[in-house]
J.: 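Have a look at the structure that comes next, please.
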Number of protein chains: 2
Amino acid sequence: MATINDVARRAGVSTATVSRALNGKSTVDPALVLRVRAAADELGYHPNGLARNLRRQETAVLALIIADVENPFFTSIARGVEDVAQAQGYSVVLCNSDESADKERRYIDVALQERVAGVILSPTGATSNVERLRQRGTPVVAVDRPLPEGDQVLVDTRLAAREATEHLVAAGYRRIGCVTGPAGVRTADDRLAGYRDAIRAAKRPELARHAEYRAAGGREATLELLAEREPPDALLIANSAMAIGTLEALTEANLRLGRDVGVVAFDDVPWATLIDPPLTVVAQPAYEIGKQAAKLLLGRIGASTSAPRTTMLAARLIERGSTVRE
Amino acid sequence: MATINDVARRAGVSTATVSRALNGKSTVDPALVLRVRAAADELGYHPNGLARNLRRQETAVLALIIADVENPFFTSIARGVEDVAQAQGYSVVLCNSDESADKERRYIDVALQERVAGVILSPTGATSNVERLRQRGTPVVAVDRPLPEGDQVLVDTRLAAREATEHLVAAGYRRIGCVTGPAGVRTADDRLAGYRDAIRAAKRPELARHAEYRAAGGREATLELLAEREPPDALLIANSAMAIGTLEALTEANLRLGRDVGVVAFDDVPWATLIDPPLTVVAQPAYEIGKQAAKLLLGRIGASTSAPRTTMLAARLIERGSTVRE
DNA sequence: TTGTAGGCGTTATCAG
DNA sequence: CTGATAACGCCTACAA
C-alpha cells in the first residue's frame, strides 16, 4: 500500500513537498505539484486518514446516535444532519442505540476512541453516558429529548400533545384516551403530560397507557383500552409505529376510524393520506431538527465554550378525516 | 486529555505495561493491573483509537453505503448488518449515497482514507468507484445490486417481478402496466425485465414507465399510464415509495384499488395492511440480506482471497386484497 | 521554494 | 514479568 514516502521517492521530492502539494499549499512550484500528482495517481495513493488525524488531532467526522434507524422521524433527522455536515466537509457516522442505554454507552465509547469532532444524540436518559463526552471536551447536541445543561434541539411536544387533545375535545369526542411510549422516555412522559393538561382543563376522564414505541406496543395498549368497561371514543397516539398497531386493533374490533374512534398520531408519515379516512397527525419538523442540531454542533467545534443553547421548534397539527365524527 | 503516558506515570509503570494491562494480556502481575486500572479511571483515560489503529494497521469499522436512508428496505438491511457486526465487535458507519455516483465516490474515499476494514454497498453502477477499493485490497460486498466479479448478496428480483405479474394475469387483469425505477439502476431494469417476461408469455400489451424511486415519481408515471387511450387495469410498482404515489394517483382518479386497478408493489411495508383493500406485495428479505452480507464481508477480512461468491435470496409474494377484482 | 526532523499515542519487539 | 525503544504515516516548525 502506497505511502507518502513512495510518492515522494517516485516524484523525486521530499515527503514535505508531497504533503504540501497534495494539500494545496500555495508555496509549491506548479511544476512540482504536477509531478507529485502524477506520481500519486500512478501509485494509487490515498492519504492515510488515521495518520493524518492523529497528527492533526482532529477528525472531520460527526457521530449521530439515534434511538431507532427504522423510525422515519429519526431518519429524517439524519438527513438534516447529513446535508449540513456534508456541506461543511464533515462525514456523518450513524449509530443505532436501539433505545438501550448500554448500546448508547458503547457507541459513545467508540466515538470517544475514534476522536470524532462532535456527537449528536437522542439521549436514552442515562446522563452518565453524556458526562463522559463532556469530560473529554467533545461537543454534544441532544435532539428530540432534553439534556440537562446542554445544547439541545427540541420540539415542544407537551404543548403539541395538549393541542392535539384539545382538538379531539373540540371535535366532539367525549372519552379521550392516550397511548404513549415507555415511562421514563422523556418524549413519552411529555406527551402524556400534555394530554393530561388538556384532559383536566376539559374535566374529562383520564385513560392512558404506556407501551413500547413499536407497532406491537400500540396494538396491545389500544386493545387494553378498548376492553375497559367504558372504552374511549378517541385516542392520542404518541408515535407513528404505535399508530400502526392502534389502527390494526381498531380494524380487528370492527370500529370505524373517525366515526367510532377518533385518532391523532404523532409524526406525519407518507401513508397518512392513503388510509380511509386519512390520519390526523402532529407533524414534527424532523429534518429541521437535524439541520439545527448540526449547525449548533459545528458552531461548537473549535470554538470556545459558552452557555448552553436550547432551540425549541413547534409541531404542527394537520387535521384530516380520522378526527371527524360524522 | 490523558494519554497512556499520563496513566503510566501515575501508576508508576511503563507505557508498555499500561498497554498490556488494559488490553488484557495475561502476562501482567494482577496487582499492577489493578493499579493501572485505577490510574486510568482517575484520569478518565480513553485510549486513542486513531493511534491504536495506525499502529495496528486495522480498524474494527465497517462502512455501509446505501442508496437511501429513508427507504425502509435499506434500513432493514442496515439492521441486519449491524446486528452481525456488533456481535463480532465491529462498528458500522452508515452512509447515504442518495443514488448519486458522486456521493458514492466521496464516501468511498472517506472509507479508503479512514482505512475501514470493509465496505458493504448498494452500487450505483459506476464500477470505477468500487475498483478503487479493490486496488487497495479493501473487501467489498454488494447488496441489492450486482457487482461484476465481486461478492454479492442479491434477490432474484427479475423472477419475483415475473411471478408478481403472472399473479396479476391469473387474477384476471387484462392490461397490466409497470412502473419501475430509473433506467440504468439495475433493480429497476431487472424488475421491468421480469414484468416483460410474464407479459410476453401471456401475450399481453406492454405498458411501462421509468420514474424516480420516490412517491412523486410513482405518482406521475401512474397518471401518465392512466391517461393513455387504453389505460391499464393493473400495475406492478417497483418499490414502496413509488407505491405511495401510485395509490394517491388512483384515489385522485377515483379508481378503486383491486376492483378497478389491481396493484402489486415491491417491499412489504408496515402500513400495507392498513389500507383498504390491503396491498399485495413482493416481500424482500431485507434484514437477511444485511446479515448475509455482513457475514460474507467479515469472512473476507483478514482471510486470503478466493473466488467471488454470490448469494441469491428469494422474494415472496404476499397476496392481499389489492389484487382481487371482485 | 524545498528539505530535515520531530512528534502525534499506541503497540510490538527485544532485552533485562 | 517489566521496561526501553522503534515504528505506524502524516504534517509542520525550522533551517537552508
Side-chain angles (χ1 to χ4, degrees), chain A residues 1-37 39-40 43-61 109-117 136-138, chain B residues 1-37 39-40 43-61 109-117 136-138:
Chain A
M1 171 168 36
T3 76
I4 199 173
N5 266 296
D6 304 327
V7 178
R9 210 162 16 235
R10 178 150 194 144
V13 296
S14 74
T15 60
T17 301
V18 174
S19 173
R20 285 189 281 249
L22 261 27
N23 288 303
K25 305 278 182 198
S26 51
T27 64
V28 188
D29 186 329
L32 280 193
V33 175
L34 256 47
R35 239 164 66 204
V36 169
R37 285 238 186 87
L43 267 49
Y45 169 72
H46 290 276
N48 184 325
L50 300 175
R52 166 182 287 169
N53 295 332
L54 177 58
R55 173 60 230 242
R56 287 194 182 153
Q57 298 286 66
E58 64 176 37
T59 353
V61 174
D109 274 355
V110 172
L112 236 25
Q113 287 192 6
E114 301 297 326
R115 300 293 194 266
V116 301
R136 258 267 305 126
T138 304
Chain B
M1 169 170 36
T3 76
I4 199 172
N5 266 296
D6 304 326
V7 179
R9 213 167 8 241
R10 178 153 195 140
V13 296
S14 74
T15 60
T17 300
V18 174
S19 173
R20 283 189 285 247
L22 261 29
N23 288 302
K25 305 279 183 198
S26 51
T27 65
V28 189
D29 186 328
L32 279 192
V33 174
L34 255 47
R35 238 162 70 203
V36 169
R37 286 237 185 88
L43 268 47
Y45 168 72
H46 290 277
N48 185 325
L50 300 174
R52 166 181 289 170
N53 295 333
L54 176 58
R55 176 59 231 240
R56 287 195 182 151
Q57 298 286 68
E58 65 178 35
T59 352
V61 174
D109 275 356
V110 172
L112 237 26
Q113 288 191 7
E114 301 296 327
R115 300 293 194 267
V116 301
R136 257 267 308 127
T138 304

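Hydrogens, waters and symmetry mates play no part in the numbers below; they use all other heavy atoms, side chains included.
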J.: When you measure from the side-chain N and O atoms of Gln57(B) to the phosphate of dA7(D), is any distance below 4.0 Å, counting only OP1 and OP2?
T.: no

J.: So does Leu50(B) get a backbone contact from the side chain of Asn48(B), meaning a donor-acceptor N/O pair under 3.5 Å?
T.: yes

J.: Check every strand shown and say whether Leu50(B) touches a base, only sugar-phosphate, or nothing at a heavy-atom separation below 4.0 Å.
T.: nothing

J.: Looking at every strand, decide which applies to Asn53(B) at a 4.0 Å heavy-atom threshold: base, sugar-phosphate, or nothing.
T.: nothing

J.: Looking only at non-hydrogen atoms, find the nearest pair between Ala2(A) and Leu43(A) and report the distance.
T.: CB-O, 3.8 Å

J.: Would one find a side-chain N or O of Thr17(A) under 4.0 angstrom from OP1 or OP2 of dG3(C)?
T.: yes

J.: Would you say the side-chain atoms of Thr3(B) pair up with the backbone N or O of Asn5(B), donor to acceptor, closer than 3.5 Å?
T.: yes

J.: By nearest heavy atom, map Ala51(B) and Ser14(B) onto DNA chain D; which one lands nearer the 5' end?
T.: Ser14(B)

J.: Does Thr3(B) put a side-chain nitrogen or oxygen below 4.0 Å from OP1 or OP2 of dG9(C)?
T.: no

J.: At less than 4.0 Å, is any side-chain N or O atom of Asn23(B) found next to OP1 or OP2 of dT11(C)? Yes or no.
T.: yes

J.: Judged by atom type as modelled, is there a donor-acceptor pair below 3.5 Å linking the side chain of Arg35(A) to the main-chain atoms of Ala11(A)?
T.: yes

J.: Starting from the 5' end of DNA chain D, give me the residue, Asp29(B) or Arg115(B), whose nearest nucleotide shows up first.
T.: Asp29(B)

J.: Record whether the side chain of Arg20(A) comes under 3.5 Å of the base of dG3(C) through a donor-acceptor pair of N or O atoms.
T.: yes

J.: Looking at dT10(C), does its base get a donor-acceptor pair with the side chain of Arg55(B) below 3.5 Å?
T.: no

